[in-house]
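What follows is a short report on a single structure.
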Amino acid sequence: MQLIIFGSPGVGKGTQAKILASKLGIAHISTGDILREAIKKESELGKKAKAIVEKGELVPDDIMGGIILEALMEDKCKNGFILDGFPRTIAQAKILDNIFATLYTEEPFIIKLNVDDSIIIDRLTNRLVCNKCGNIIGKNEYKEDYICHVCKSTNSYYKRKDDDEEVIKRRLKVYHETTAQVFNYYSDKSKVIEVDGTQSIEDVTSKILTTMNIN
Ligand code: ADP
Ligand code: ZN
């Protein structure tokens, strides 16, 4: 099974992608996580991507195409995957079309989450991320000596560098100017599932699964 989760930054893609991947037994491929890991390790990719990601701009399509091909060839993707953060441009969607034409027989499902920008800004400025496993929590859930309920590490929560108000506004602008068009590119040719992302995490997940006829 191949899924693409789509929507603006902070819409809940990462949260839902993790839940869906574990429920469906498929791999979660987050290009944002791959880039942040590369930046942390200071790899060649990380050095190229750091300034771009921290400004809220898009990493060039040829680099992203290479990353996604490499990720999809991994063993963990053999039962399927959910793409989170890719494709973000029409050029990336075309790269993905080529990959699908050679590797898979079915079209992917597209899940689109909708949340207004005003709510997004509030969510992103207030969220924290586990440094060890990427689990996301709202700031009001954070306490001192907080133990990550996913990976059990202590005090591992941090604020992403790009979750700064100016950078968030830039990311939203890039989303509306460039990435939003990718949805139109898919909507005439794929199985599209649109869900209101302001509902509770559990309700969003069950809405997605019932619309896909899975339960
Ligand atoms: P969000 O969706 O919350 O903005 P992500 O973790 O998906 O965050 O991505 C963080 C940043 O990584 C993006 O703002 C961008 O700089 C870079 N990035 C991630 N995926 C892509 C992509 N497919 N193409 C270009 N840049 C990307
Ligand atoms: Zn964790």
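It should be emphasised that the depicted structure is a prediction, and the values quoted were computed from it without experimental measurement.
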Query raised in the report: Under 4.0 Å between a Lys/Arg side-chain N and an Asp/Glu carboxylate O for E44 and K48?
Result: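 No salt bridge links E44 with K48.
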
Requested in this report: Give a yes or no on whether a salt bridge exists between E57 and R170, defined as a side-chain N under 4.0 angstrom from a carboxylate O.
Outcome: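 R170 and E57: salt-bridged.
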
[X] side chain near [Y] side chain, heavy-atom distance below 4.5 Å:
{"X": "Y186", "Y": "P87", "value": "yes"}
{"X": "I90", "Y": "T178", "value": "no"}
{"X": "L124", "Y": "D162", "value": "no"}
{"X": "L24", "Y": "I214", "value": "yes"}
{"X": "T154", "Y": "Y146", "value": "no"}
{"X": "L113", "Y": "V204", "value": "yes"}

Report task. Determine whether more than 12 heavy atoms belonging to other residues, nucleotides or ligands lie under 6.0 Å from atom NZ of K191. Result ->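 Counting other residues, nucleotides and ligands, NZ of K191 exceeds 12 neighbours.
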
Report task. Count the heavy atoms belonging to other residues, nucleotides or ligands that lie under 6.0 Å from NZ of K41, then report whether that count exceeds 12. Result ->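 Counting neighbours around NZ of K41, 12 or fewer heavy atoms of other residues, nucleotides or ligands fall under 6.0 Å, so no.
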
Query raised in the report: Who are the ring pair (Phe, Tyr, Trp, His ring centres under 6.0 Å) partners of F100, not counting sequence neighbours?
Result: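 F100: ring pair (Phe, Tyr, Trp, His ring centres under 6.0 Å) contacts with Y104.
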
Query raised in the report: Hydrophobic cluster mates of I147, side-chain heavy atoms under 4.5 angstrom, ILVMFWY only, any path?
Result: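 Traced through the cluster, I147 reaches no other member.
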
Query raised in the report: When hydrophobic residues are tied together by side-chain contacts of less than 4.5 Å, even through go-betweens, does L58 share a cluster with M64?
Result: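 Different hydrophobic clusters.
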
Report task. Answer yes if the side chains of T198 and D196 hold a donor-acceptor pair under 3.5 Å, and no otherwise. Result ->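 Indeed, the side chains of T198 and D196 share at least one donor-acceptor pair under 3.5 Å.
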
Query - Pair D117, H176: side-chain N/O donor-acceptor within cut-off below 3.5 Å - result: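 Yes, a side-chain donor-acceptor pair sits under 3.5 Å.
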
For [X] and [Y], work out which heavy atoms get closest and say how close.
{"X": "V59", "Y": "I52", "result": "N-CG2, 3.7 Å"}
{"X": "R36", "Y": "S30", "result": "NH2-OG, 4.5 Å"}
{"X": "G85", "Y": "T31", "result": "O-OG1, 3.0 Å"}
{"X": "R160", "Y": "V129", "result": "CD-CG2, 4.0 Å"}
{"X": "L20", "Y": "I26", "result": "O-CG1, 4.4 Å"}
{"X": "R171", "Y": "P9", "result": "NH2-CB, 3.7 Å"}

Report task. State the CD-CD1 distance between Q2 and I29, to the nearest 0.5 angstrom. Result ->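 So the gap between those two atoms works out to 12.0 Å.
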
Query raised in the report: Once you round to the nearest 0.5 Å, how far does CD of Q16 lie from NE2 of H28?
Result: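 Taking CD in Q16 and NE2 in H28, the distance rounds to 10.5 Å.
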
**Report entry** Working for side chain to side chain donor-acceptor pair (under 3.5 Å), residues Y158 and D163
**Finding:** CA-CA 10 Å; Y158 77 108; D163 282 347; over 6 Å; no

Report task. Report yes or no: is the cationic atom of K112 (NZ for Lys, CZ for Arg) under 6.0 Å from the centre of the six-membered ring of F6, at an angle within 45° of the ring normal? Result ->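 That pair does not qualify as a cation-pi contact.
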
